[in-house]
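Down below is the structure, laid out as structure tokens.
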Amino acid sequence: MRVVVLTGAGISAESGLPTFRDADGLWEGHDPMTVATPEAYDADPDLVQRFYDERRAALARVEPNAAHRALARLEEHLGDDLHLVTQNVDDLHERGGSRRVHHLHGRLRAAWCTACDARHEWTTTLADRPPCPACGSRGLRPDVVWFGEVPHDTHLVEQALLDCDLFVAIGTSGLVYPAAAFVHYALGCGADTLELNLEVPRVSDFAASHRGPATRTVPAWVEELVG
């Protein structure tokens with residue numbers, strides 16, 4: 001069985017990380033347009049760097065949960081037939097044991113040099129303008145995808161969706177593109193679709209939906225699939 005799993009903020013929220021937006025539309029107290037666009041970075045790079053430095057530091061205070069660990073178990077069972085895709089920029093999947101993760105929106109614990117295009121693993125601050133390890137310039141920024149930028153690995157993910165037998169979405173609102181269209185790719189190619197979410201939307205394009213916390217629904221689903 002070829003499976004594509006998409007995870008969103010809901011799976012990380014159960015480890016204690018805030019979701020992308022609060023009910024009032026703010027992102028951890030900030031308007032996303034002031035911290036998550038290239039224009040915001042050009043206008044106030046210090047603010048943007050501090051914001052992501054704080055989020056990067058917050059990763060050290062949380063741990064992967066049972067849902068992350070269950071998906072790592074699924075990878076052990078399916079190997080290359082599992083494509084794990086996440087909209088999250090944290091590293092909880094990797095710390096939970098997953099080895100092959102497509103980060104559509106980039107990674108907090110990585111820095112991108114705008115001068116030489118190199119990408120580096122990064123766990124400390126960027127606000128003090130450290131030099132790029134490759135070229136020495138001080139043009140490092142968070143390696144996250146901002147509004148108006150192209151998500152990573154979309155061509156690989158779209159091909160996996162065209163070939164999959166089952167597409168599963170976990171803890172995602174289904175409102176952010178291109179990920180919001182993934183279910184339609186899968187359905188169009190005859191795949192089964194399943195949604196595991198804390199609250200199932202009133203309108204869902206998935207063939208089946210299970211409601212509940214990811215820490216309960218994901219281990220149960222994985223056990224059913226591999227057991």
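Hydrogens, waters and symmetry mates play no part in the numbers below; they use all other heavy atoms, side chains included. Keep in mind it's a predicted model, so treat the numbers as computed, not measured.
- A donor and an acceptor atom, one from each side chain of Ser12 and Asp90, are located under 3.5 Å apart.
- Remark: Arg2 does not engage Asp163 in a salt bridge, criterion side-chain N to carboxylate O under 4.0 Å.
- Contact record, Asn65 with Ile11: ND2-O, 2.9 Å, taken as the closest heavy-atom pair.
- The backbone N or O of Gly79 sits less than 3.5 Å from a side-chain atom of Arg100, completing a donor-acceptor pair.
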Apply side chain to side chain contact (heavy atoms under 4.5 Å, CB included) to residues Thr193 and Leu166 and explain how you reach the verdict. CA-CA 6 Å; Thr193 60; Leu166 174 65; 5.9 Å; no
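- Residues Pro131 and Ser137 have side chains not in contact (no heavy-atom distance under 4.5 Å, counting atoms from C-beta outward).
- Across every non-hydrogen atom of Gly97 and Ala72, the tightest pair is C-CB, 3.5 Å.
- Within 6.0 Å of the OH atom in Tyr41, the count of heavy atoms belonging to other residues, nucleotides or ligands exceeds 12.
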Step by step, would you call Val145 with Leu104 a side chain to side chain contact (heavy atoms under 4.5 Å, CB included)? CA-CA 8 Å; Val145 177; Leu104 289 176; over 6 Å; no
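- What you find for Cys164 and Val4 is that their closest heavy atoms are CB-CG2, 3.8 Å.
- We find the CZ-CG distance between Arg61 and Leu17 to be 9.5 Å, quoted to the nearest 0.5 Å.
- Distance CE/Met1 to CG/Leu82: 11.5 Å, rounded to 0.5 Å.
- At a threshold of 4.5 Å between side-chain heavy atoms, the hydrophobic network of Ile, Leu, Val, Met, Phe, Trp and Tyr places Phe206 and Val168 in two separate groups.
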Pairs under 3.5 angstrom only: tabulate donor-acceptor contacts from the side chains of residues 220-227 to other protein residues two or more places apart or in another chain.
from: Glu223; atom 1: OE1; to: Arg73; atom 2: NH1; distance (Å): 2.7
from: Glu223; atom 1: OE1; to: Arg73; atom 2: NH2; distance (Å): 3.3

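- Note that OG1 of Thr86 and CG of Asp153 are 12.0 Å apart. Values are rounded to the nearest 0.5 Å.
- Criterion: ILVMFWY side-chain heavy atoms under 4.5 Å apart, direct or through other members. Under it, Val35 and Leu59 are part of a common hydrophobic cluster.
- Salt bridge present: Arg99 and Glu75 bring a charged side-chain N and a carboxylate O closer than 4.0 Å.
- Between Arg141 and Glu149 there is a salt bridge, with a side-chain nitrogen of the basic residue lying less than 4.0 Å from a carboxylate oxygen of the acidic one.
- A side-chain N or O of Glu14 and one of Thr215 form a donor-acceptor pair less than 3.5 Å apart.
- Atom CD of residue Glu195 and atom OG1 of residue Thr172 lie 8.5 Å apart, to the nearest 0.5 angstrom.
- Contact detail for Leu108 and Val144: the closest heavy-atom pair is N-CG1, 4.2 Å.
- By the rule that hydrophobic residues join a cluster once side-chain heavy atoms approach within less than 4.5 Å of another member, Ile170 and Phe167 end up as members of separate clusters.
- Rounding to the nearest 0.5 Å gives a distance of 10.5 Å between SG of Cys113 and CZ of Arg119.
- Transitive grouping of hydrophobic side chains (ILVMFWY, heavy atoms separated by less than 4.5 Å) keeps Leu161 and Leu78 in distinct clusters.
- Nearest heavy-atom pair across Thr125 and Arg56 is CA-NH1, 4.2 Å.
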Step by step, would you call Leu196 with Leu194 a side chain to side chain contact (heavy atoms under 4.5 Å, CB included)? CA-CA 7 Å; Leu196 305 177; Leu194 172 65; 4.0 Å; yes
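- Linking ILVMFWY side-chain heavy atoms closer than 4.5 Å, directly or via other members, places Leu156 and Leu162 in two distinct hydrophobic clusters.
- Geometric assessment of Arg107 against the ring of Trp112 yields a negative cation-pi assignment under the 6.0 Å and 45° thresholds.
- No side-chain heavy atom of Val101 sits less than 4.5 Å from a side-chain heavy atom of Val85.
- Not one N or O on the side chain of Ser98 forms a donor-acceptor pair closer than 3.5 Å with the backbone of Glu94.
- Side-chain N/O atoms of Thr7 and Gln87 include no donor and acceptor closer than 3.5 Å.
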One pair to check against side chain to side chain contact (heavy atoms under 4.5 Å, CB included): His184 and Asp205. What are the steps and the verdict? CA-CA 8 Å; His184 301 291; Asp205 295 313; 3.2 Å; yes
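- In this structure the side chain of Cys132 reaches within 4.5 angstrom of the side chain of Cys116, judged on heavy atoms.
- Ring-plane geometry between His93 and His68 is classed as perpendicular, the angle between the planes exceeding 60 degrees on a 0 to 90 degree scale with a lower cut at 30.
- Nearest heavy-atom pair across Ala115 and Cys135 is CB-SG, 4.3 Å.
- Looking only at distances, a side-chain donor or acceptor of Asp53 sits under 3.5 Å from a matching main-chain atom of Ala127.
- Note that CD of Glu76 and CG of Leu71 are 11.5 Å apart. Values are rounded to the nearest 0.5 Å.
- The aromatic rings of Tyr52 and Trp146 lie tilted to each other, with the angle between the two planes from 30° to 60°.
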Between Arg95 and Glu63, does a salt bridge (Lys or Arg N to Asp or Glu O under 4.0 Å) hold up when you go through it step by step? CA-CA 8 Å; Arg95 285 197 276 150; Glu63 297 292 336; 3.8 Å; yes
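- Other members of the hydrophobic cluster containing Leu126, listed by chain and number, are Trp122, Leu140; membership follows side-chain contacts under 4.5 Å among ILVMFWY residues, whether direct or relayed.
- Partners of His103 under the ring pair (Phe, Tyr, Trp, His ring centres under 6.0 Å) rule, at least two apart in sequence or in another chain, do not exist in this structure.
- Side-chain atoms of His105 and Asn88 form no donor-acceptor pair, as typed in the model, at a separation below 3.5 Å.
- Between His152 and His102, a ring centre-to-centre spacing not shorter than 6.0 Å is recorded.
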